[in-house]
Amino acid sequence: MPSRNILVINCGSSSIKFALINEHHTHTTLIGLAERLGTADAQINWQLDGEKNHLSVPNADHRAALAEILPLVENASGGHLDGIGHRVVHGGEHFTAACRLDPVSLDGIRALAPLAPLHNPANALGIEATMRLYPQLPQVAVFDTAFHQTLPPHAYRYALPEYLYSEHAVRRYGFHGTSHRYVSARAAEMSGLELENSSWLVAHLGNGCSTCAIVNGQSRDTSMGLTPLEGLAMGTRSGDVDANLHSHLVRTLGWSIEQIDRMLNHDSGLLGLSGLSNDMRTLQQASSEGHAGATLAIEVFCYRLAKSLAAMSCALPQLDGVVFTGGIGENSALVRSLTLTHLKLLNLKLDEPANQLATRGAAGQINAEGHPRVLVIPTNEERQIALDTLALLDA
Ligand code: AMP
């Protein structure tokens, strides 16, 4: 049988990320981004076998952009496209694993819009468009939340009145599940351990950041909650704050809910603390040149991350290793080093030369000898979505 090709699609409210994944090739032949959809500046940028291409598609919506993207995919796959895997942000309690897409499951995704008002409607738009354009092709939804459906109640319930959970679905869901699942499986593979008999702490540190405790291949706790705002300090998100901050800002500054939402999601985190940037590279550079705000932002980021990892360790029977992934986790030796200085009680210690070498997509083991394993593992959510899609095609 020839090796199969899966198109992986991640639709945002005004963007579509796409990648063509072959089941047997580790490199991605076609990868691209359609952005500013619905505006005069709408455009598609893609790389085919490393070569960059650009197309202006003024005022294109999701469907119009996909109509341009799909022939590129057909072409790159030599006419052998076997299925489409869609990243869907919120699966609620209903979707505990990836599922085949049909009108019923699509309705289920739409119905979860109150839990992810920005993301799920955009994901549904992309699914609808590809189902219309390619009705004969099997399509699968892979949920960011599904991996965390194994959390026990003591980890997923908030200490709030029961009816908010039972009648209004207010609970901790967790996100980045595809990445946590992928890198924990790779960690077990790299360490010669069985995933089903191993325990990991994972720090996914990109623009959004979360930690996860993974036992025997299952998520047991994670730092994000009802929404992706809970937990760590992130690029522009505050992470945890005192819940009374809302009423404090209403009372003292007369702020609206929209203003508070915006401040916590878009003006906080590394950007808010530094007053400079949400980008860790920029902050590291500025800090080395004496920018006090950048230095503080990095220190808060690492301390909060260490506290979260220590908290996640409560869910583990033993520690087989800590995994760093995501743009910051994979590349910032400084963040890894500063974070672990706060975790001496877990006996964690780095081999600094190995830590400095683990950048730009290089996986590696970076702990000092005699100390618990610390791994840097590049995440690959697209590949995991393609693997899930293939598994459902085979089922
Ligand atoms: P992601 O969302 O996974 O692409 O991660 C984005 C974050 O990774 C941004 O904060 C980048 O500044 C950070 N990042 C990427 N490369 C590096 C690097 N070499 N050193 C430090 N941070 C980096």
Side-chain angles (χ1 to χ4, degrees), residues 8 10-12 15-19 28 31-33 35 45 47 87 89 118-119 144 175-184 186 202-212 222-224 228-229 231-239 265-289 291 293-302 304-305 323-340 350 352-364 366 374-385:
V8 175
N10 180 357
C11 275
S15 69
I16 304 171
K17 282 190 199 153
F18 57 97
T28 309
I31 184 160
L33 173 68
E35 54 189 339
N45 291 290
Q47 278 194 38
R87 178 187 181 205
V89 166
L118 295 181
H119 294 102
D144 258 25
F175 299 85
H176 291 145
T178 307
S179 175
H180 288 301
R181 189 154 54 99
Y182 178 81
V183 298
S184 54
R186 284 280 297 127
V202 176
H204 174 106
L205 311 174
N207 242 323
C209 302
S210 68
T211 55
C212 188
T222 189
S223 60
M224 285 178 166
L229 183 61
L232 305 176
M234 312 183 208
T236 62
R237 284 174 244 167
S238 62
N265 282 285
H266 300 288
D267 304 333
S268 297
L270 294 172
L271 174 64
L273 276 165
S274 67
L276 180 67
S277 172
N278 64 325
D279 192 291
M280 186 56 83
R281 275 167 299 201
T282 307
L283 295 181
Q284 288 185 186
Q285 181 63 32
S287 173
S288 72
E289 291 161 4
H291 190 291
T295 303
L296 177 69
I298 296 169
E299 281 171 354
V300 171
F301 182 91
C302 295
R304 295 266 302 258
L305 170 59
V323 182
F324 286 95
T325 193
I328 298 172
E330 291 164 32
N331 290 295
S332 177
L334 177 70
V335 165
R336 296 188 298 245
S337 181
L338 281 177
T339 303
L340 292 205
L350 291 185
E352 257 319 314
N355 181 37
Q356 296 296 331
L357 283 177
T359 58
R360 295 171 204 274
I366 61 169
V374 182
L375 302 170
V376 176
I377 301 181
T379 194
N380 194 338
E381 288 163 281
E382 290 79 16
R383 181 144 209 97
Q384 184 65 59
I385 291 172

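Ligands are counted one by one from 1 in listed order, and the atoms in each one are counted from 1 as well.
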Listed partners of L296 passing side-chain contact (heavy atoms from CB on, under 4.5 Å), at least two apart: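 Applying side-chain contact (heavy atoms from CB on, under 4.5 Å) to L296 gives L273, V300.
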Between S337 and E352, is a side chain to side chain contact (heavy atoms under 4.5 Å, CB included) present by the stated rule, with each step listed? CA-CA 8 Å; S337 181; E352 257 319 314; 2.9 Å; yes
Within this structure, what is the CD-OG1 distance for the pair Q284 and T295, rounded to the nearest 0.5 Å?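 Going from the CD atom of Q284 to the OG1 atom of T295 covers 10.5 Å.
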I need the L276 CG to L283 CG distance, nearest 0.5 Å.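 CG of L283 is found 6.0 Å from CG of L276.
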Tell me, which residues have any heavy atom less than 4.0 Å from some atom of ligand 1?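 Those residues closer than 4.0 Å to ligand 1 by some heavy atom are G206, N207, N278, D279, M280, R281, Q284, G326, G327, I328, N331, S332.
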Option passing side-chain hydrogen bond (donor to acceptor under 3.5 Å, both in side chains) with S179 (candidates T325, D144, T379):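 Option passing the side-chain hydrogen bond (donor to acceptor under 3.5 Å, both in side chains) with S179: T379.
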For residues H176 and T222, is any side-chain donor paired with an opposing acceptor at under 3.5 Å? no
